[in-house]
Number of protein chains: 2
Amino acid sequence: MSTRLTKMAENREKLIASARRAFAQQGYAAASMDSLTAEAGLTRGALYHNFGDKRGLLAAVVDQIDSEMAAYAKSVGARAGDTWLGLLAEGAAYIEKALDPEVRRIVLLDGPSVLGDPSQWPSQNKCLQSTRNTIEQLIKDGTLKPVDPEAAAMLLNGAALNAALWIASSANPQAMLPKTLEAFNLLASGFLVKG
Amino acid sequence: MSTRLTKMAENREKLIASARRAFAQQGYAAASMDSLTAEAGLTRGALYHNFGDKRGLLAAVVDQIDSEMAAYAKSVGARAGDTWLGLLAEGAAYIEKALDPEVRRIVLLDGPSVLGDPSQWPSQNKCLQSTRNTIEQLIKDGTLKPVDPEAAAMLLNGAALNAALWIASSANPQAMLPKTLEAFNLLASGFLVKG
DNA sequence: CCTGTCACATACGATATGTATGCCACTTGA
DNA sequence: TCAAGTGGCATACATATCGTATGTGACAGG
C-alpha cells in the first residue's frame with residue numbers, strides 16, 4: 001500500500017473534520033486557519049497544499065455535509081413506497097437534517113456567502129437533479145400538473161431549507177416543526193392534479 | 001435648523017450609500033472600510049461612531065434595501081383588487097426585485113452569514129407580519145385552508161427569495177422567470193380550499 | 001466671549017490571510 | 001541496495017484589515 005497517498009488522505013480528512021468543528025462553532029469568518037490546523041496536528045502549509053485557500057476548505061466541508069444530507073434524504077424517500085409520499089418525506093428529511101446547528105451555520109448561512117448560489121454547488125445540484133427526476137416521473141404518472149420540473153424542484157428544496165432556518169430560530173422549535181411540515185405538505189400539494 | 005444633526009444625518013446617508021456600492025460589487029468580506037469611507041469623503045472614525053462596527057453598517061444597508069423591497073411589494077399587492085391575487089403579486093414582486101444583483105449579494109448571500117437568520121431581522125419580520133396578516137384574512141374568508149399563518153408566510157417568502165437566486169444564476173434568466181412564477185403560483189395554490 | 005461637548009480624524013496594536021522558500025521523507029529506477 | 005528527485009508539509013515574511021484609544025476642531029449654550 002502506498003503510505004504516501006494514504007497519509008495525505010488521512011490529513012485531508014483530519015483537516016476537514018477540524019474545519020467542520022471550527023466553522024460550526026465560530027463561523028467561517030471568525031475561524032482561524034492557524035487554530036484549525038493546529039487542532040488537527042498540522043500547519044497551514046498542509047491546508048494550502050490540499051485545498052488551495054480557505055474557500056477551498058469550506059467547499060470541501062460543505063460538500064461532505066451536503067452529501068450526508070442527500071444520502072439521508074434519499075434513503076428516507078426510498079423507504080416510503082409511494083413516489084409522491086417519498087417526495088414529501090425527502091422534503092421533511094431535509095428540514096429535519098437542516099435543524100442541526102452545524103448544517104445551518106455552514107451550509108445555509110456561510111456557504112452561500114462564500115461559495116455563491118447553492119444551486120450551483122456540485123452537491124446541491126446532485127440533489128436538485130434527483131428531486132427533478134422524481135417530479136418528472138410524477139408528471140408522467142399524471143400525479144402532478146405539467147409544471148417545469150427544475151423550477152418545482154428548486155422551489156421545494158429552497159422552501160425546505162429556509163424553513164429549517166426559521167424553525168431553529170423560533171422560540172419553540174419543537175412546536176413549530178409539525179406545523180411547518182404540515183404547511184410544507186400543503187404547499188407541495190399545489191402541484192398535485194387533484195387536491 | 002440645527003446644522004449639527006443634519007450634517008450627521010447626511011454623513012450617515014453618504015456612508016450607507018457608499019457601503020451599498022462596495023458591498024454589492026466586492027462582497028461584504030472583501031469590502032475595505034478604508035476604501036468605503038474614503039469614497040464617501042470621510043474616515044473610519046465616522047463609521048465606527050455612527051454604526052459601531054462593520055456589522056452595524058451592513059445592518060443599516062440591509063434595512064434600507066429591505067424596506068425598499070417591502071414597500072414595492074406592498075404597492076404591487078395593493079394594486080391587485082383581489083386579496084388572493086395580491087398575495088401572489090407580492091410574491092412575484094419579491095422575486096423580481098431580488099433579481100437585482102445588489103439585492104442578491106447583500107441581502108440574500110452576505111446578510112444571512114453576517115447578521116444571522118433573516119426571519120429575525122426587523123425589516124424581514126415586518127414583511128413576514130404583513131404576509132401573515134394577509135394569509136389570516138384569507139383563511140377567515142374561507143379562501144385558504146386553515147394552515148398556520150406564520151409558517152405559510154415564511155415558506156412563501158423563502159421560496160420566493162430562493163427562486164430569485166436560482167433564476168439569476170441560471171443560463172437564461174429571462175426564460176426562467178415566467179416558468180418559475182408559474183410554478184410559484186401553483187405552489188401557493190396548495191393553500192387554496194379549492195384548486 | 002468663553003467653555004464644554006461631540007462628531008470625526010489620526011495613530012497604534014493585534015491578528016489573519018496568502019505566498020515564497022526550505023526541508024525531510026518517501027518513492028522510483030537501476 | 002543506493003542515489004537522485006519529487007512532493008507533501010513546515011516556516012518565515014509581507015500585506016492588509018479590523019477595532020480601540022486618543023486627539024482635535026467646530027458648533028451649541030450660557
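Below, chain A is the first sequence line, B the second, and so on; all start at residue 1.
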In this structure, CZ of A:R12 is separated from CG of A:L57 (nearest 0.5 Å) by 9.5 Å

Mind checking if [X] touches a base, just sugar-phosphate, or nothing, with heavy atoms under 4.0 Å?
| X | value |
| --- | --- |
| B:L42 | sugar-phosphate |
| B:A29 | nothing |
| B:A31 | sugar-phosphate |

In whole angstrom, what separates [X]'s [atom1] from [N]'s [atom2]?
| X | N | atom1 | atom2 | result |
| --- | --- | --- | --- | --- |
| B:D34 | D:dC18 | CG | P | 7 Å |
| B:R44 | D:dT17 | CZ | P | 9 Å |
| B:L5 | D:dC27 | CG | P | 13 Å |
| A:K7 | C:dA25 | NZ | P | 11 Å |
| A:K14 | D:dG8 | NZ | P | 16 Å |
| B:F51 | D:dC18 | CZ | P | 15 Å |
| B:Y28 | D:dC18 | OH | C1' | 10 Å |
| B:M33 | D:dA16 | CE | P | 18 Å |

- request: Give a yes/no on whether any side-chain N or O of B:H49 is located under 4.0 angstrom from OP1 or OP2 of C:dC8.
  value: no

**OP:** Please state whether the phosphate of C:dA7, meaning OP1 or OP2, lies under 4.0 angstrom from any side-chain nitrogen or oxygen of B:N11.
**Re:**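 For C:dA7, OP1/OP2 do not have a side-chain N/O of B:N11 under 4.0 Å.
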
Consider the side chain of [X], meaning its heavy atoms from C-beta on, and name the nucleotide among [options] that approaches it most closely.
| X | options | value |
| --- | --- | --- |
| B:Y48 | D:dC18, C:dT17, D:dC9 | D:dC18 |
| B:M8 | C:dT17, C:dA7, D:dG8 | C:dA7 |
| B:T3 | D:dT11, C:dT17, D:dA28 | D:dA28 |

Notebook entry, point to check: Does a sphere of radius 6.0 Å around NZ in A:K54 hold more than 12 heavy atoms from other residues, nucleotides or ligands, not counting ones at 6.0 Å or beyond?
Noted result: yes

For this session: Would you indicate whether A:K74, at its atom NZ, is surrounded by more than 12 heavy atoms from other residues, nucleotides or ligands within a distance under 6.0 Å?
Result: no

If we only count heavy atoms from C-beta on, is the A:T143 to A:F191 side-chain gap below 4.5 Å?
no

Taking for A:R55 and for B:T43 the nucleotide of DNA chain C with the nearest heavy atom, the one nearer the 5' end belongs to B:T43

* Verify the distance criterion only: is there a donor paired with an acceptor across the side chains of B:S119 and B:Q124 at less than 3.5 Å? => no

